[in-house]
Amino acid sequence: MSDTPTPVAPDESDARRELARLAAEIAHHDLLYHQLDAPEISDAAYDALRRRNLELEQAYPHLVRADSPERRVGFTPADGFQQVTHAQPMLSLENCFEDAEVEELLRRIRRFLALDEAAAIEFFAEPKIDGLSCSLRYEDGYLVQAATRGDGTVGEDVTANIRHVADVPQKLSGTGWPQALEVRGEVYMARSAFRKLNAAQEAAGRKTFANPRNAAAGSLRQLEPGVTAARPLAFFAYGWGDCSEAIGNTIQTARANLTRWGFIPTHPSRLCYGVQDLLAYYAEIQEQRADLDFDIDGIVYKVNDLALQKRLGFVSRAPRWAAAHKFPAERATTRLERIAIQVGRTGALTPVAHLEPVTVGGVVVSRATLHNADEIARKDIREGDTVVIQRAGDVIPQVVEVVREKRPAESAPWAMPDTCPECGSSAVREADMAVTRCTGGLICPAQMKERLKHFVSRECLDIDGLGQKNLVELIDRGLVRTPADIFRLWDEEPAIASWQGWGERSAEKLIEAIEARRTVPLERFVNALGIPQVGASTAKLLAQHYGNLTAMRTALESDQKAAREDLLSIDGVGPAMAQDILDFFAEPQNRDTLDALQRELTVADAKAPASGGALAGKTVVFTGSLSISRAEAKSQAETLGMKVSGSVSAETDYLVAGADAGSKLTKARAAGVRVLDEDGWAALISDPGLGA
Ligand code: IVH
């Protein structure tokens, strides 16, 4: 091999790669030297690595990494972690609680794949680790980046910290790994390590952690990597993201590869062949749960065959090929001191139980939701009762039942008030509905506040610097009543500066933060509107479906019948949700709010799905009988950003005709629509360029 010296200034992409490799290598040697007292290389060789790194950083200052060896020692980024956009989004899982839901999952998968009811599908079953997910990126065998899940699309760069997690290889072992490999898994703290850590914290007079998950999260999300280094974190690999080549044909083979390359896959795991088999595994692990040295909160079932996984694809943010079967929630008993009422942004009055604080599954609970009056009546819950509460994961604790023997003699049934506790307007229960709503509408300060809080929240406009406290002050002082008012505050800057606790700098910062959000992506804007039942994931579906706000408003504010059909064609939108969306756009007050916002803001068009290419935005109609299920055909089209319609019209770009196609085929031919058979469709989607 020739021994050509590395040039001082390679081209930019080589420099980027070399810097990544040097960061990993130097971190590895730092760990060996400082923590393990077991250096592998001489001081001179180490210094040479550092010099080369510095040389490249000086030649390319914009390539200096967040985890640069020059910055690492004692380095704390000024404002938290850098953001990382995941090359492939980090998804979540659908939850099952009952055996029947697992049966339904299998039925749905078979139906989607057009398999018959008895067809065997191989599943890979493994524990669901209660930690925090992390994506590790390897290039040329070296760990170059680690990111938390964040919102699934953008996470935090925790590279410098993850280098201190013992189960995360700095450099892949074995052979055959792809040039780029993203390994996904859960960072967790073993129970034994957690107990030791808490004992040490206590002895040192420091705060202890409530549970291993909190300890793991607090330790990984440390701005000071030195602190992470002292915390015993571990890592289980459960999947992968963007890879430059496939790492197996099944989960089983991919995991075998991950093991060879230095990872510890989640265990104990098993291949299963049907509902009975899956449930038996679930029961077995539940039995072992208390003896495992790590917290788990359920079992994950995944289709083993990766080709089938690909066909099954995703709905919204969760794969169709997997689900989490959760263990039952943990419970505790305590006293319900009183029932208070919260008024939400849609005016719903929600009763909330104020409890004597109690620990459930490692967390102190002092509030629990009571849902609505029917629920309270059904369970006959009264103030002063002793109640059983339960908590599952991060969901709000619930009151399960009353311990009747402990009921005080003088207790009385609880009744929903008939006026709003916030504005005094009458509170009305709509026919056939469980909720009671305040009729105060815009005059109810609680509704207004909740709507505005939602509007500026992290998932919506995300106006940094307009936290709840500031927003409430702006509302209470009468400066903000509607969302658009927020964008007219610049006139008020001197007034705000004069308020107690503010000053010129704070007022200026607030206005700057607001100005920074004058352009907002469509999906965030739609979420911010607070349409009942429409959260972040539906807002994203709507944004992708309509593309821009004008198209969306035109479609939803004109012919209601067509608008409903169009909404129902979106995978993930059902009839009740469609009705709420239509009602929202039909309401004149909401249209005024939209007009006012559009005068102040630029709503950016939705990006077509990344893989869309030439077919994005095109409309396809399926007819006749196809060998794949309609659901799969629809999913194939939507993955490419296409719209699926039920009828042929002037907007139709393609008609895919299976056997025995009828009138739609005749109509499409007459209209000059491009007609494909099933093979033609398969060819088109495997090479979307054909459609151009
Ligand atoms: S698979 C596309 N497997 O659960 C599916 N997730 O609710 C990706 N989790 O964010 C997830 N243990 O942090 C998978 N054995 C396991 C898991 C697991 C824990 C977490 C993961 C994910 C969340 C989804």
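If you're wondering where the values come from, they're calculated on a predicted model, not measured in any experiment.
- Considering only heavy atoms from C-beta on, Ile511 comes within 4.5 Å of Leu489 through its side chain.
- Ring geometry for Phe294 versus Phe236: interplanar angle over 60°, hence perpendicular rather than tilted (30 to 60°).
- Judged purely by atom type and a 3.5 angstrom limit, Thr419 has no side-chain atom pairing as donor or acceptor with the backbone of Gly424.
- In this structure the side chain of Val358 never reaches within 4.5 angstrom of the side chain of Glu356, judged on heavy atoms.
- At distances below 3.5 Å, at least one donor-acceptor pair connects side-chain atoms of Asp385 with backbone N or O atoms of Arg382.
- Rounding to the nearest 0.5 Å places CG of Leu355 at 7.5 Å from CD of Glu337.
- The neighbour count for Arg488 CZ, taken as heavy atoms of other residues, nucleotides or ligands under 6.0 Å away, is above 12.
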Are Thr436 and Asn372 close enough, and set up right, to give a side-chain contact (heavy atoms from CB on, under 4.5 Å), and what steps lead you there? CA-CA 8 Å; Thr436 302; Asn372 53 51; over 6 Å; no
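- Two residues are said to be in side-chain contact when any heavy atoms from C-beta on lie closer than 4.5 Å; Met552 and Leu542 meet this criterion.
- Atom CZ of Phe314 is separated from atom CG of Leu91 by 5.0 Å, given to the nearest 0.5 angstrom.
- Scanning all heavy atoms of the two residues, the minimum distance from Leu349 to Ala427 falls at CD2-CB, 3.7 Å.
- Judged by distance alone, the side chains of Trp502 and Glu473 do bring a donor and an acceptor atom under 3.5 Å apart.
- Counting all heavy atoms, side chain and backbone alike, Glu94 lies closest to Ala318 at N-CB, 4.1 Å.
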After noting the C-alpha distance and the side-chain angles of Thr153 and Arg317, does the key distance pass the side-chain contact (heavy atoms from CB on, under 4.5 Å) rule? CA-CA 10 Å; Thr153 309; Arg317 318 235 4 112; 3.9 Å; yes
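- Residue-environment remark: CD (Gln342) stays at or below the threshold of 12 foreign heavy atoms within 6.0 Å.
- Under a 4.0 Å N-O distance rule, the pair Arg429/Asp374 qualifies as a salt bridge.
- Annotation: side chain of Met90 is in contact with side chain of Ser133 (closest heavy-atom distance under 4.5 Å).
- The backbone N or O of Pro127 lies less than 3.5 Å from no partner atom in the side chain of Thr266, so there is not a single donor-acceptor pair.
- No more than 12 heavy atoms of other residues, nucleotides or ligands shown are found within 6.0 angstrom of CD on Gln83.
- Leu601 is listed as a side-chain neighbour of Phe487, based on a closest heavy-atom distance under 4.5 Å.
- At a threshold of 4.5 Å between non-hydrogen side-chain atoms, the residues Val343 and Gln447 count as touching.
- A side-chain donor from one of Thr346 and Arg437 sits under 3.5 Å from a side-chain acceptor of the other.
- Between the side chain of Ser425 and the backbone N or O of Cys420, no donor-acceptor pair lies under 3.5 Å.
- Proximity of a side-chain donor or acceptor of Ser219 to a complementary backbone N or O of Thr228 within less than 3.5 Å is not detected.
- Under a cut-off of 6.0 angstrom, the local environment of CZ in Arg458 is sparse, with at most 12 non-hydrogen atoms contributed by other residues, nucleotides or ligands.
- No more than 12 heavy-atom neighbours from other residues, nucleotides or ligands sit within 6.0 angstrom of CD on Glu459.
- Rounded to the nearest 0.5 angstrom, Ile475 CD1 and Lys449 NZ are separated by 6.5 Å.
- When each of Leu471, Asp462, Ile514, Asn470 is paired with Val456, the side chain to side chain contact (heavy atoms under 4.5 Å, CB included) condition holds for Leu471 and for no other.
- The nearest pair of heavy atoms linking Ser269 to Tyr281 is CA-OH, 3.7 Å.
- Trp414 places none of its side-chain heavy atoms less than 4.5 Å from the side chain of Ile381.
- The ring pair (Phe, Tyr, Trp, His ring centres under 6.0 Å) search around Phe585 returns none, not counting sequence neighbours.
- For the pair Asp580 (side chain) and Met577 (backbone), a donor-acceptor distance under 3.5 Å is absent.
- For the atom pair Ile296 CD1 and Asp130 CG, the distance stands at 9.5 Å (nearest 0.5 Å).
- In plain terms, the two heavy atoms of Ile341 and Pro351 that are nearest each other are CD1-CA, 4.2 Å.
- Under 3.5 Å, the side chains of Glu523 and Asn527 contain no donor-acceptor pair of N or O atoms.
- A donor-acceptor contact shorter than 3.5 Å links the side chain of Asn161 to the backbone of Gln222.
- Of the possible polar contacts, none joining the Tyr282 side chain to the Gly298 backbone as a donor-acceptor pair under 3.5 Å is found.
- Looking only at side-chain heavy atoms (C-beta outward), Phe123 and Asp277 stay at 4.5 Å or farther from each other.
- Remark: Arg404 engages Asp380 in a salt bridge, criterion side-chain N to carboxylate O under 4.0 Å.
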Please walk me through it: do His267 and Glu126 pass side-chain contact (heavy atoms from CB on, under 4.5 Å)? CA-CA 6 Å; His267 61 78; Glu126 60 188 74; over 6 Å; no
May I have the step-by-step check of side-chain hydrogen bond (donor to acceptor under 3.5 Å, both in side chains) for Gln579 and Asp583, ending in yes or no? CA-CA 6 Å; Gln579 193 54 50; Asp583 288 349; 2.9 Å; yes
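- A salt bridge does not link Arg191 to Asp293: none of the charged side-chain nitrogens sits closer than 4.0 Å to a carboxylate oxygen.
- If you take CD on Gln560 and CG on Leu567, they are separated by 9.5 Å, rounding to the nearest 0.5 Å.
- Taking a cutoff of 4.0 Å between a charged side-chain nitrogen and a carboxylate oxygen, Glu186 and Arg213 do not qualify as a salt bridge.
- We find the CZ-CZ distance between Phe455 and Phe525 to be 6.5 Å, quoted to the nearest 0.5 Å.
- Taking the side-chain contact (heavy atoms from CB on, under 4.5 Å) definition, one finds that Ala495 meets it with Glu492, sequence neighbours left out.
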Just do the side-chain contact (heavy atoms from CB on, under 4.5 Å) check on His325 and Leu279 with the steps written out, would you? CA-CA 9 Å; His325 189 177; Leu279 296 178; 3.7 Å; yes
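- Between Arg591 and Ala586, the shortest heavy-atom distance links the atoms NH2-CA, 3.8 Å.
- Under 4.0 Å is where a charged nitrogen must lie from a carboxylate oxygen, and between Arg270 and Glu284 at least one such pair does.
- At a threshold of 4.0 Å, the pair Glu375-Lys379 counts as salt-bridged, since one of the basic side-chain nitrogens sits closer than that to a carboxylate oxygen.
- Scanning all heavy atoms of the two residues, the minimum distance from Pro445 to Cys423 falls at CD-CB, 3.7 Å.
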